Amino acid sequence: MDKVFIQGLSIQTTIGFYPWEKEIKQTLVIDLTMGWNTALAAENDELAKTLDYAEISEKIAEYANKTPVDLIETLAERMAHYLLTQYNIPWLKLKIGKPGAVHNAVTVGVEIERGQQS
Ligand SMILES: Nc1nc2c(c(=O)[nH]1)N=C([C@H](O)[C@@H](O)CO)CN2
């Protein structure tokens, strides 16, 4: 399956388990790979027939700021569901890193795959 991807998308949002985290914005870094038949767009050079990575990058930032949650697991699950249904994506891999969370780690986070990869 062909893929459209977004790598290292940095967004600011309110997220975290601890009360102090609910008062601030923190950086999340998102890597997203989406299964898609890219030949459809290439055939007649049409943006409308592919996944617009610019549009999806904006939607991801908007979505992350809609309803604050405690865990990045929760955000990943909800965001994956939103993207799969909104864009008819058959399969995706979504990684969310929270680089400021553990001071002696480069980053920490979760990676999930949802849907069917044919
Ligand atoms: N697996 C996870 N572990 C932790 C999370 C999380 O979202 N998933 N969150 C926290 C705190 O919010 C942390 O980021 C504060 O430093 C702790 N562990």
Side-chain angles (χ1 to χ4, degrees):
M1 185 185 279
D2 305 329
K3 312 278 178 7
V4 176
F5 68 88
I6 298 165
Q7 199 171 345
L9 178 70
S10 180
I11 63 168
Q12 299 293 313
T13 193
T14 301
I15 187 157
F17 174 78
Y18 298 106
W20 60 267
E21 295 188 277
K22 302 183 193 312
E23 309 299 323
I24 60 166
K25 291 209 177 222
Q26 298 185 75
T27 301
L28 297 180
V29 179
I30 293 173
D31 294 331
L32 174 65
T33 303
M34 301 165 283
W36 196 256
N37 180 1
T38 60
L40 294 172
E43 197 177 333
N44 289 306
D45 201 22
E46 283 179 274
L47 179 60
K49 293 208 172 157
T50 189
L51 297 168
D52 180 345
Y53 46 70
E55 178 190 316
I56 293 175
S57 296
E58 284 177 18
K59 296 290 181 191
I60 286 172
E62 276 175 32
Y63 191 86
N65 277 288
K66 257 190 186 168
T67 313
V69 292
D70 287 0
L71 301 178
I72 53 178
E73 282 86 342
T74 310
L75 180 62
E77 199 63 51
R78 291 182 185 178
M79 191 179 285
H81 180 258
Y82 165 75
L83 293 168
L84 288 169
T85 53
Q86 194 73 18
Y87 293 97
N88 263 321
I89 298 168
W91 169 90
L92 62 75
K93 183 159 74 177
L94 175 63
K95 183 173 170 182
I96 303 183
K98 194 174 179 184
V102 174
H103 76 90
N104 51 344
V106 172
T107 192
V108 292
V110 300
E111 182 175 277
I112 64 173
E113 286 186 39
R114 294 293 180 269
Q116 297 291 329
Q117 194 174 16
S118 58

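Keep in mind it's a predicted model, so treat the numbers as computed, not measured. Numbering of ligands and ligand atoms starts at 1, following listing order. As a basis for the values below, the full set of heavy atoms in this structure was taken, side chains included, without hydrogen atoms, waters or symmetry mates.
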A.B. asks: Under 4.0 Å from atom 10 (C) of ligand 1, is there any protein heavy atom?
C.D. replies: no
A.B. asks: Of all the non-hydrogen atoms in the protein, which one sits nearest to atom 12 (O) of ligand 1, and at what distance?
C.D. replies: Glu21 OE1, 2.7 Å
A.B. asks: Going from CG on Asn65 to NZ on Lys25, what distance comes out if it is rounded to the nearest 0.5 angstrom?
C.D. replies: 4.0 Å
A.B. asks: Of the protein's non-hydrogen atoms, which lies at the shortest distance from atom 1 (N) of ligand 1, and what is that distance?
C.D. replies: Glu73 OE2, 2.7 Å
A.B. asks: How far is atom 7 (O) of ligand 1 from the closest protein heavy atom, and which atom is that?
C.D. replies: Ile72 N, 2.9 Å
A.B. asks: Measuring from atom CD1 of Ile6 to atom CD1 of Ile30, what distance do you get when rounded to the nearest 0.5 angstrom?
C.D. replies: 9.0 Å
A.B. asks: Of the non-hydrogen atoms in Trp36 and Thr50, which two are nearest, and what is the gap between them?
C.D. replies: NE1-CA, 3.4 Å
A.B. asks: Could you tell me which atoms of ligand 1, counted from 1 in the order shown, lie closer than 4.0 angstrom to a heavy atom of Leu71?
C.D. replies: 6 (C), 7 (O)
A.B. asks: Does atom 4 (C) of ligand 1 have a protein non-hydrogen atom under 4.0 Å from it?
C.D. replies: no
A.B. asks: To check your reading of the model: name the closest protein heavy atom to atom 16 (O) of ligand 1, its residue, and the distance in Å.
C.D. replies: Ala101 O, 3.5 Å
A.B. asks: To the nearest 0.5 angstrom, please state how far the CD1 atom of Ile15 sits from the CG atom of Leu71.
C.D. replies: 7.5 Å
A.B. asks: Would you find more than 12 non-hydrogen atoms of other residues, nucleotides or ligands less than 6.0 Å from Lys59 atom NZ?
C.D. replies: no
A.B. asks: Give the atoms of ligand 1, by number and element, whose distance to some non-hydrogen atom of Lys98 is under 4.0 Å.
C.D. replies: 12 (O), 13 (C), 14 (O)
A.B. asks: Please check whether Tyr18 reaches ligand 1 - meaning an N/O of the residue sits under 3.5 Å from an N/O of the ligand, judged on distance alone.
C.D. replies: no
A.B. asks: Could you report the tightest heavy-atom contact between Glu21 and Phe17, atom names first, then the distance?
C.D. replies: OE1-N, 3.0 Å
A.B. asks: Return the minimal non-hydrogen interatomic distance between Ile56 and Leu32, and the atom names on each side.
C.D. replies: CG2-CD2, 4.0 Å
A.B. asks: Using a 4.0 Å cutoff against the non-hydrogen atoms of Gly16, which atoms of ligand 1 qualify?
C.D. replies: 12 (O)
